[in-house]
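Proteins get letters first, then strands, A, B, ... in listed order; numbering begins at 1 in each.
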There are 2 protein chains.
Amino acid sequence: MPTATFRNLPRAKQEAIITAAVAEFARSPYDQASLTKIVAQAGIAKGSMYQYFENKRELYLYILNMVYAEKRQYLKGVFEDDSDFFATLKRYYRRSYLFAKEYPLYHRIITHYWDYCAEFEEEIKSSRELKANEFIGMLEAAIRTGQANSGINKDAAFFVYHSVGKELIENFLELSQTDQQQHLQFIDQVLDVLESGLRARKE
Amino acid sequence: MPTATFRNLPRAKQEAIITAAVAEFARSPYDQASLTKIVAQAGIAKGSMYQYFENKRELYLYILNMVYAEKRQYLKGVFEDDSDFFATLKRYYRRSYLFAKEYPLYHRIITHYWDYCAEFEEEIKSSRELKANEFIGMLEAAIRTGQANSGINKDAAFFVYHSVGKELIENFLELSQTDQQQHLQFIDQVLDVLESGLRARKE
DNA sequence: CAGACATGTGACTGGGTGGTCACATAAGGA
DNA sequence: TCCTTATGTGACCACCCAGTCACATGTCTG
């Protein structure tokens, strides 16, 4: 969505703008982020920004797309071998955690995006539906191979994984100073709860 | 936290102010809510508001306290008979749902409060800890009576219930037009997932 | 009635925002 | 060289906000 003018910019200038925007959108959610601060940080005039992007929203969506492209790239490979359903889920959440560690600004942009429901409602809803279909597909395969419990409601199962994943991501922010190994262990324990259930097993 | 002046106000005027504030804080999260709109809606001057409350934050906390007091009242009784751990949890979430239905504005205020992390961080953290202790106490009792799996990590279990509960509450908003019976059923199914776990049981 | 005190008021301040536009500068072609 | 077109600029606009304060109005007391 950026204009041709933006795409023809020298790389250094493009990157200055992107870096400034990433910093600001990581610092504050969309509505609190300040275009004025972004252009100041990037060292360009406000009018110039409006020659590169139609408005604040378009700039935001551009940055968001970039961030998500990076994350998709980072998570590529997690789903390649999905023979073990529960191992795949653990790989997914562990790798998401490592992404947050490696790209903390990108990670903050994503959490702000999910928090901020008012705008982007449709965008969030449609990407949620996509995730749901992927998950349910995997779950059905796991049921066929006897790994997963066939008695549970699939939508409910997705709902559970989705909400826990969302909250895990949010928590990664707060606990950023402590030990990484401890975090990964906690992720595993949370997923163990979802796998085993709270009711005692008499197996 | 309101001043004596506010407490001495005729009941009708107090209620007009409270009603206006509730409506605005339900409409928008704290930082987007407009004091100007509240005083306009309540039919008082801005200066008057500052004789009743020190500032916007104090007004907000007053409303929030009121809302939570109502919710506590509403949920009273859910934990009275906690002999069946899983039944108690279902009662809790079902009743929370009914609260959201009965007091939709209060419900929105609460979800906005949880969404808005920037301010009120400490408040949220401490109330979360309180909830955690309650939950873990119940869980330990359930483990002693053999209802609950002793192998799982208790903090992880709380984390799971907390995040799922949070997301359930958020979802109640969106789905408000459809059938109530269907919602309650979905809540049960979600809790069944947490109870049974996704892994197949060979019992 | 007069004076003291409590309460009510809304124009105003200072600060922020996203977005615009007349103008300045640079680039490129004839 | 000159003219056209593309790009850069920042003062400015309209709007919103929380909070203040000099003043007006009401109320109670001596």
Practice item. May I ask you to decide whether Asp192(A) forms a salt bridge with Lys90(A), counting only side-chain N to carboxylate O separations under 4.0 Å? Key: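 Counted as a salt bridge, because a side-chain N and a carboxylate O are separated by less than 4.0 Å.
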Exercise for review: Indicate yes or no: does Arg27(A) engage Glu24(A) in a salt bridge with an N to O separation below 4.0 Å.
Suggested key: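 A salt bridge is present here (some side-chain N lies under 4.0 Å from a carboxylate O).
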Practice item. Verify whether the ring centers belonging to Tyr74(B) and Tyr106(B) lie closer than 6.0 Å. Key: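 Distance test on ring centres: not under 6.0 Å, no.
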Can you identify which nucleotide, out of [options], has its nearest atom closest to the [X] side chain?
{"X": "Ser48(A)", "options": "dA18(D), dG19(C), dT9(D)", "answer": "dT9(D)"}
{"X": "Ala45(A)", "options": "dT9(C), dG19(C), dT9(D)", "answer": "dT9(D)"}
{"X": "Thr36(B)", "options": "dT7(C), dT17(C), dC17(D)", "answer": "dC17(D)"}
{"X": "Ser34(A)", "options": "dG19(C), dT17(C), dG19(D)", "answer": "dT17(C)"}
{"X": "Leu35(A)", "options": "dC17(D), dG18(C), dG8(D)", "answer": "dG18(C)"}

Exercise for review: Without swapping roles, check the side chain of Ser127(A) against the backbone of Ile124(A) for a donor-acceptor pair under 3.5 Å.
Suggested key: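 Checked: pair present.
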Can you tell me the distance, in whole Å, between the [atom1] atom of [X] and the [atom2] atom of [N]?
{"X": "Lys46(B)", "N": "dT7(C)", "atom1": "NZ", "atom2": "P", "value": "22 Å"}
{"X": "Ile44(B)", "N": "dA11(C)", "atom1": "CD1", "atom2": "P", "value": "16 Å"}
{"X": "Phe53(A)", "N": "dG19(C)", "atom1": "CZ", "atom2": "P", "value": "13 Å"}
{"X": "Asp31(A)", "N": "dG19(C)", "atom1": "CG", "atom2": "P", "value": "13 Å"}
{"X": "Gln51(B)", "N": "dC5(C)", "atom1": "CD", "atom2": "P", "value": "16 Å"}
{"X": "Asn8(A)", "N": "dG8(D)", "atom1": "CG", "atom2": "C1'", "value": "15 Å"}
{"X": "Ile38(A)", "N": "dT17(C)", "atom1": "CD1", "atom2": "P", "value": "11 Å"}
{"X": "Glu58(A)", "N": "dG19(C)", "atom1": "CD", "atom2": "P", "value": "10 Å"}

Check your understanding: Quick one: is dG8(C) close enough that its OP1 or OP2 comes under 4.0 Å of any side-chain N or O from Tyr50(B)?
Key ->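 Answer is no, no contact under 4.0 Å.
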**Study point:** Contact under 4.0 Å: Lys13(B) side-chain N or O vs dG8(C) OP1/OP2
**Key:**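 Answer yes for this pair, as a side-chain N or O of Lys13(B) is under 4.0 Å from OP1 or OP2.
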Check your understanding: What is the nucleic acid contact for Ala33(A), judged by heavy atoms within less than 4.0 Å: base, sugar-phosphate only, or nothing?
Key ->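 If one applies the 4.0 Å heavy-atom cut-off, Ala33(A) turns out to touch the sugar-phosphate alone, with no base involved.
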**Study point:** Touch class at under 4.0 angstrom, heavy-atom based, for Tyr52(B) against every strand present
**Key:**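 Sugar-phosphate contact only - Tyr52(B) comes under 4.0 Å of backbone atoms but never of a base.
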Exercise for review: Indicate whether the side chain of Glu119(B) and that of Tyr30(B) have a donor and an acceptor atom separated by less than 3.5 Å.
Suggested key: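 Absent: no donor and acceptor within the cut-off.
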Exercise for review: Establish whether the base of dG19(C) is bridged to the side chain of Lys56(A) by a donor-acceptor pair shorter than 3.5 Å.
Suggested key: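 Answer is no: no donor-acceptor pair is held.
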